[in-house]
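Everything on this sheet refers to the single structure shown next.
Every chain is numbered from 1 and lettered A, B, ... according to where its sequence line falls, protein lines coming before strand lines.
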Amino acid sequence: MAIESRVRISDTAGIVTARQQGRTLALELGFEGSDLTVIATAISEVARNILDHAKSGEVIISRYQHGGKRGICVIACDTGPGIADIEQAMQYGYSTRNGLGIGLPGAKLLMDEFHIKSTVGLGTTITMRKWMH
Amino acid sequence: MRVPILKQGDYLIASVQSVLSDDDLRLLRDDLADRVGRFRSRGVIIDVTVLDVIDSFATRTLRSVAHMLKLRGAHTVIVGIQPDVAFAMVQLGLTLAGVGTALDLEEGLEYLNGRSHRLHEHRAFGSREEDRLGHPVRPTRHTQEHHALRAHEEDEKKLFSGHASPRSLDYGH
């Protein structure tokens with residue numbers, strides 16, 4: 001059983017690979033039904049964010065255990081330009097490009113935990129988790 | 001992977017066969033815009049049964065395809081959105097507002113047929129034209145324009161021969 005899966009994101013095929021790996025790992029961890037789709041969709045959004053803003057980066061999907069709770073952890077990191085105003089970037093419907101502005105805030109809605117760390121000029125790291133219920 | 005597009009009478013059927021990347025979706029959009037013009041299609045069905053994820057980009061692309069094709073004179077119906085996919089889309093706040101949807105291919109065809117029947121009824125309304133055997137003739141674009149022109153000419157005739165309501169002409173008297 002794969003414990004961790006790392007996917008390089010440098011083109012749109014990488015987004016597909018990341019969400020497929022996420023679904024596979026989530027299934028192995030015991031997630032089922034709509035949770036699998038929800039996790040894959042959230043991964044798709046953060047992976048696209050990497051491609052759109054930093055051109056390339058990495059998505060790391062792993063098993064997560066904490067205080068008797070089990071779940072899946074997704075880390076999306078890049079060394080791109082970073083986000084100057086995180087609050088604005090996390091506003092539903094706000095987009096710097098010609099998008100819907102749903103990507104990051106949408107991923108947050110789909111997962112149980114969502115943390116974003118970004119430094120201008122250094123890059124962005126998003127950590128999100130979904131617990132098994 | 002490029003989505004195969006089948007021509008079925010007045011309709012096009014784009015049957016998604018595998019997961020699609022953003023690039024594949026853009027390609028599908030461009031292919032459909034091209035084919036609708038080339039085959040003069042009235043309706044387009046996009047079957048997304050195999051898609052396990054429809055995220056914000058896919059939704060935006062499907063929506064713009066539908067709106068674009070409408071401007072080209074074709075109705076689009078998205079069929080086969082899986083229940084889990086629909087659930088995730090709703091959680092994300094994604095909608096396909098203004099885009100036709102149906103459960104599966106069969107219902108999608110019914111949806112388009114329903115639309116075109118209504119269209120034909122609308123067109124046939126008021127038409128007295130019959131062919132030599134006495135069957136009503138479905139008006140073509142040419143006859144429609146002809147009717148419109150004739151109606152316009154008759155209105156003008158009425159206006160100038162005094163059949164129109166005189167009140168409408170007597171401004172200020």
Between A/Leu51, A/Thr41, A/Leu109, A/Asp11, which residue shows the highest count of heavy-atom pairs closer than 4.5 Å to chain B?
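Answer, by heavy-atom pair count under 4.5 Å with chain B: A/Thr41.
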Would you mind checking which part of B/Val85 comes under 4.5 Å of any heavy atom in chain A, side chain (CB onward), backbone (N, CA, C, O), both or neither?
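Both backbone and side chain.
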Could you walk me through whether B/Val79 and B/Ile46 satisfy the side chain to side chain contact (heavy atoms under 4.5 Å, CB included) test, starting with their C-alpha distance in whole Å, then the side-chain angles of each, then the deciding distance to 0.1 Å, before giving a yes or no?
CA-CA 6 Å; B/Val79 305; B/Ile46 304 177; over 6 Å; no
Charged N to carboxylate O below 4.0 Å: is that the case for [X] and [Y]?
X	Y	result
B/Asp34	B/Arg38	yes
B/Asp22	A/Arg48	yes
B/Arg40	B/Asp10	no

Identify which part of A/Ala42 has an atom lying under 4.5 Å from any heavy atom of chain B, answering side chain, backbone, both or neither.
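No part of it gets close to chain B.
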Any idea which of B/Leu20, B/Ile54, B/Asp23 has the most non-hydrogen atom pairs under 4.5 angstrom with chain A?
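The answer is B/Asp23.
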